[in-house]
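Quick note on labels: first sequence line is chain A, next is B, and so on, each numbered from 1.
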There are 2 protein chains.
Amino acid sequence: MLSHSQTPEYRQTVTGGSREILDRVGDKWSLSVIGALRAGPLRFNELKKQVTGISQRMLTLTLRYLERDGLVTRTMFATIPPRVDYALTPLGFKLLKPVCELVEWVQENSAEIEAAQRSFDEQTVPVPLT
Amino acid sequence: MLSHSQTPEYRQTVTGGSREILDRVGDKWSLSVIGALRAGPLRFNELKKQVTGISQRMLTLTLRYLERDGLVTRTMFATIPPRVDYALTPLGFKLLKPVCELVEWVQENSAEIEAAQRSFDEQTVPVPLT
DNA sequence: CAGAATCCAATTCGATACTG
DNA sequence: CAGTATCGAATTGGATTCTG
């Protein structure tokens with residue numbers, strides 16, 4: 001549960017203290033969740049629908065991490081049944097720009113990347129599994 | 001060993017086919033290795049020195065992935081002892097721009113992020129470990 | 001020198017069941 | 001509705017040993 005494991009020192013290489021956010025960017029679901037919140041606040045189950053494939057557990061965890069990093073707010077309404085809204089903070093919105101540029105770069109260059117992967121894969125003879 | 005495991009469909013959410021590169025950006029060592037190669041080609045053991053803390057195994061794996069994605073070239077010299085040079089491809093250099101911008105964004109906003117983390121951590125009472 | 005192979009520990013994630 | 005708790009499987013990474 002949000003294990004406060006201390007960051008090993010070697011993570012300080014090159015990327016400096018930015019490891020934690022890079023981990024967020026690189027992890028399995030954060031970008032999808034942030035993307036889903038672009039258009040405005042969503043409730044837990046709305047998010048779960050939009051981010052196809054995510055489990056309840058991972059949605060909860062991802063939201064907690066994003067909240068901890070100050071990228072997402074969590075607003076509870078003490079109604080019955082309970083209702084919780086998630087929304088991007090100004091910081092979360094600002095993060096969108098560099099992240100989108102990176103994603104766009106990848107999309108623009110995906111043809112070249114995939115070509116490289118194919119040519120790599122064919123000379124690295126796939127080991128027969130027999 | 002470079003398990004050619006097929007990417008599960010759910011990874012196609014929001015980030016589209018760019019998952020593989022995002023994984024590369026987010027993984028533990030790729031950015032450090034790319035950063036080390038910025039100034040020019042390096043040999044295996046030179047890289048190992050510059051990227052403090054990386055194990056032989058992870059350096060090998062990371063380089064293979066980067067090579068497969070077309071971001072790094074591997075040049076072998078059939079000398080004794082053998083010598084292998086790694087260098088960024090033009091594609092690898094181009095990736096540097098959006099990645100650096102992201103890293104810079106994080107650095108510029110690290111104060112705000114860390115403040116958010118601290119305030120989150122103190123209201124989420126740390127469970128005593130006794 | 002530049003790795004490949006093996007083994008093991010830690011982390012991550014999904015499925016399922018339960019709750020205020 | 002919006003979670004929490006628990007478990008097991010898969011993935012990831014480190015340490016060590018061996019090799020052309």
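Minimum heavy-atom separation, A:Ser30 to A:Arg24: CB-O, 3.1 Å. Annotation for A:Lys94 and B:Glu112: closest pair NZ-OE1, 4.4 Å, computed over non-hydrogen atoms.
For the pair A:Met58 and B:Gln56, nearest-nucleotide mapping onto DNA chain C gives the more 5' position to B:Gln56.
Closest contact between the side chain of A:Val84 and the listed nucleotides C:dA4, D:dA15, D:dG3 involves D:dG3. Out of C:dG14, D:dC1, C:dA4, the shortest distance to the side chain of A:Pro81 is found at D:dC1.
Using a 4.0 Å cut-off, no side-chain N or O of A:Arg57 falls inside it from OP1 or OP2 of D:dT6. Between A:Arg64 and D:dG3 there is a side-chain N or O to OP1 or OP2 distance below 4.0 Å.
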Problem set entry | A:Asp23 vs A:Tyr65, side-chain contact (heavy atoms from CB on, under 4.5 Å): CA-CA, chis, key distance, verdict | CA-CA 10 Å; A:Asp23 282 345; A:Tyr65 287 130; over 6 Å; no

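Checked by atom type and distance alone, the side chain of B:Asp69 never pairs as donor or acceptor with a backbone atom of B:Leu71 at under 3.5 Å. Between the B:Thr89 side chain and the B:Gly70 main chain, a donor and an acceptor come within less than 3.5 Å of each other. Looking only at distances, a side-chain donor or acceptor of A:Glu46 sits under 3.5 Å from a matching main-chain atom of A:Arg43.
Rounded to whole angstrom, the span from the NZ atom of B:Lys28 across to the C1' atom of D:dG14 amounts to 8 Å. The interatomic distance linking A:Trp29 (CH2) with C:dT12 (C1') rounds to 13 Å, in whole Å. Rounding to whole angstrom units, CG of residue A:Asp23 and P of C:dT11 are separated by 13 Å. Taking atom CD of residue B:Glu67 and atom C1' of nucleotide C:dA2, one finds them 14 Å apart after rounding to whole Å. Atoms CG (A:Leu59) and P (D:dG3) sit 8 Å apart, rounded to a whole Å. Going from atom CG of A:Leu61 over to atom P of C:dC13 covers 9 Å, rounded to whole Å. In this structure, A:Leu63 atom CG and D:dT4 atom P are separated by 10 Å, rounded to whole Å. In this structure, A:Ile54 atom CD1 and C:dT12 atom P are separated by 15 Å, rounded to whole Å.
From one end of the helix from C:dC1-D:dG20 to C:dG20-D:dC1 to the other, with five pairs defining each end axis, the axis direction shifts by 50° (rounded to 10°).
Heavy atoms of A:Tyr86 sit under 4.0 angstrom from primed sugar atoms or phosphate atoms, though from no base atom.
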Return a table of donor-acceptor pairs under 3.5 angstrom between the side chains of residues 77-88 of chain B and protein atoms on other chains or two or more places apart.
| residue | atom | partner | partner atom | Å |
| --- | --- | --- | --- | --- |
| B:Thr79 | OG1 | B:Pro81 | O | 2.9 |
| B:Arg83 | NE | B:Asp85 | OD1 | 3.2 |
| B:Arg83 | NH2 | B:Asp85 | OD2 | 3.4 |
| B:Tyr86 | OH | B:Arg74 | NH1 | 3.3 |

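Shown for residues 38-47 of chain A: residues whose heavy atoms fall under 4.0 angstrom of DNA chain D, namely A:Arg43, A:Phe44, A:Asn45.
Between A:Gln107 and A:Val103 there is a side-chain heavy-atom pair separated by less than 4.5 Å. Side-chain contact check for A:Leu47 versus A:Leu37: some heavy-atom pair is nearer than 4.5 Å.
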